[in-house]
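Heads up, the thing below is written out as structure tokens.
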Amino acid sequence: MKVELRKQRFTPWQEIERRQTLMQKDGQFGAVVSFIGNMRDSNEGDNVSAMALEHYPGMTEQHLEKICKQAEEKWDLMEVLVIHRVGDIEIGEAIVLVAVWSAHRAAAFEACRFIMEDLKSRAPFWKQETLEEGKRWVEKNTPGQS
Amino acid sequence: MKVELRKQRFTPWQEIERRQTLMQKDGQFGAVVSFIGNMRDSNEGDNVSAMALEHYPGMTEQHLEKICKQAEEKWDLMEVLVIHRVGDIEIGEAIVLVAVWSAHRAAAFEACRFIMEDLKSRAPFWKQETLEEGKRWVEKNTPGQS
Amino acid sequence: MTIKVKYFASLQESFGRAEESVELENDITTVAELWQRLTGKDSGLPDNVLTAINMEYVKADARIKDGDEVAFFPPVTGG
Amino acid sequence: MTIKVKYFASLQESFGRAEESVELENDITTVAELWQRLTGKDSGLPDNVLTAINMEYVKADARIKDGDEVAFFPPVTGG
């Protein structure tokens, strides 16, 4: 399991590939499910030109690790990778990456979803958007179930 | 939407990245969910040394495209990419890639899962494994719901 | 009427061929009846044999017409 | 007792500070009571204010002890 907060822009596919190579479990995992959240240029009907992500140093890392451990207890997983940006983010950049490796697809799908839903609803991050009229705090994440 | 059968080995992360660049929708999609199925070195307790994937040329492509269209009707998606190997496959290689781009995560997660479940239960592919004792056809896929 | 029949995977092995052209009398009209004719057995279409006409899944009672491509195959195992 | 209080995001702006050290009389013992003391208002902890003690989520009636780090923040919006 690896949880990381990152100040710099990252390329999610490179990170997944690197992790998979480091794992050295080729032939063991049958399923990899990944979620990547990207910065959009609009939110709630307004144009957004930039974003800053605040977090609670210490608690954020601890909370993310706790979520991943819960997922590892609940499903049979081989590896979990979480990377989340903090600080200034530009349009189109990856904000969050969650990747889960498992022998079978059900565990990988469900664990990835579980981690994302908890991350969105409980991990201490706060987004501040820059609009034409100035800055505003995002008040609430959209619910994850459609 | 892009559906492809591939005889050659492929690197799933490169394919996703390439598709995402071609889309030119940076800033519009907020969520990318991908599933990658890899060849394992064992199945049902037996060591597997190689695999061959047979398909029904014409019907397989048509069926995969129908699944993706159904997903696009059911959820609000920006892009869907499916790549599936045919022919000879080696241990650790990617067999299937399904990637879904959407504004929000619920649609991306659910559409990716939907496509994979239909692909596993209905798309005309057949796996033949090579074991120490010889070759055997895989009789049934494992169910997708845990 | 003339139809094309295709077999895949383990069924291809048990029939010993990948495809064949079959001349049918007019009284053979469903997929299940075609299966009986091809196997020479009276039993119906087994549960673990799937069928498609012209590359679309069909049930055992689906009707066959001249020029159709009918496929028989085992449960699928892709992904 | 002495505790450390932290504020995040919009609460940091409305309080005008990121953190402070607070000396408490012994009769202030819960997160809700601390909130009243900090805001100078009689109303309880609003629904849209979350709290943690020592980096673990707690409810409004959680008890505070000497040396604790108590954090107040709005609903989270990561991911």
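Each chain gets a letter, A, B and so on, in the order its sequence line appears, and its residues count up from 1. Every heavy atom of this structure was used, including side-chain atoms; hydrogens, water molecules and symmetry mates were not.
With sequence neighbours excluded, the residues forming a side chain to side chain contact (heavy atoms under 4.5 Å, CB included) with B/Lys2 are B/Glu4, B/Arg19, B/Leu81, listed by chain and number.
Heavy atoms closer than 4.5 Å to chain B are found in the side chain of A/Gln20, but not in its backbone. Both the backbone and the side chain of B/Ala103 come within less than 4.5 Å of a heavy atom of chain A. Neither the backbone nor the side chain of A/Ala108 comes within contact range of chain B; no heavy atom of the residue lies under 4.5 Å from a heavy atom of that chain. Neither the backbone nor the side chain of A/Lys25 comes within less than 4.5 Å of any heavy atom in chain B.
Remark: A/Phe109 CZ to B/Arg113 CZ distance equals 6.0 Å, nearest 0.5 Å.
Here the side chains of A/Gln14 and B/Gln14 are not in contact, with every heavy-atom distance at 4.5 Å or above. A/Arg105 has its side chain within reach of B/Lys120: a pair of non-hydrogen atoms, C-beta onward, lies under 4.5 Å apart.
Among the residues in residues 63-72 of chain B, none has a non-hydrogen atom closer than 4.5 angstrom to a non-hydrogen atom of chain A. Residues of residues 27-39 of chain B lying under 4.5 angstrom from chain A, judged on non-hydrogen atoms, are B/Gly27, B/Gln28, B/Phe29, B/Gly30, B/Ala31, B/Val32, B/Val33, B/Ser34, B/Phe35, B/Ile36, B/Gly37, B/Asn38, B/Met39 by number.
Counting heavy-atom pairs closer than 4.5 Å to chain A, the top-ranked of the candidates B/Ile16, B/Thr11, B/Asp26, B/Val100 is B/Ile16.
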Indicate every side-chain donor-acceptor pair of residues 86-97 of chain A with a distance under 3.5 Å to a residue at least two apart or in another chain.
| residue | atom | partner | partner atom | Å |
| --- | --- | --- | --- | --- |
| A/Glu93 | OE1 | A/Arg85 | NH1 | 2.9 |
| A/Glu93 | OE1 | A/Arg85 | NH2 | 3.3 |
| A/Glu93 | OE1 | A/Glu90 | N | 3.1 |
| A/Glu93 | OE2 | A/Arg9 | NH1 | 3.2 |

